[in-house]
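Down below is the structure, laid out as structure tokens.
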Amino acid sequence: MAKCDTCGNDYDKAFTLTQGDRSGTFDSFECAAHAMAPTCSHCSCRILGHGVEVDGTVYCCAHCAEHSGVADRA
């Protein structure tokens, strides 16, 4: 069995996720998201969707980008 890098659970159905030069072993998509998903620069939530990236800074949504001073990108 493999051990989850996030929660430490030993699980026979664990999987490895690779993103660029980062990789980890996880027992669930929830643990993978906590470890691998980017964090919004404004509200600190994990970004599981497309998000908004402006000049290398990532936000979970246009609302957070605007609250951080990013002009309307429409």
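For the single chain, residues carry numbers from 1 onward in sequence order.
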Donor-acceptor pairs are to be reported for all side-chain atoms of residues 36-44 against protein atoms at under 3.5 Å, with residues two or more places apart or in another chain.
from, atom 1, to, atom 2, distance (Å)
Thr39, OG1, Arg46, NH1, 3.0
Ser41, OG, Val58, O, 3.1
His42, ND1, Ser68, OG, 3.2

Heavy-atom pair of closest approach, residues Asp5 and Gly24: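 Of all heavy-atom pairs spanning Asp5 and Gly24, the closest is OD2-CA, 3.2 Å.
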
Return the minimal non-hydrogen interatomic distance between Phe26 and Leu17, and the atom names on each side. CE1-CB, 4.0 Å

Which distance, rounded to the nearest 0.5 Å, do you find between the SG of Cys4 and the CZ of Phe15?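 So the gap between those two atoms works out to 8.0 Å.
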
What's the spacing between Tyr59 OH and Cys64 SG if we round to 0.5 Å?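 Output value for this atom pair is 9.0 Å.
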
Spell out, as yes or no, whether a donor-acceptor pair under 3.5 Å connects the side chain of Ser23 to the backbone of Thr18. no

Report yes or no: do Val70 and Val52 belong to one cluster of Ile/Leu/Val/Met/Phe/Trp/Tyr joined by side chain heavy-atom distances under 4.5 Å? yes

Could you list the residues that satisfy side-chain contact (heavy atoms from CB on, under 4.5 Å) with Asp10, not counting sequence neighbours?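 For Asp10, the residues satisfying side-chain contact (heavy atoms from CB on, under 4.5 Å) (neighbours in sequence not counted) are Met1, Lys3.
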
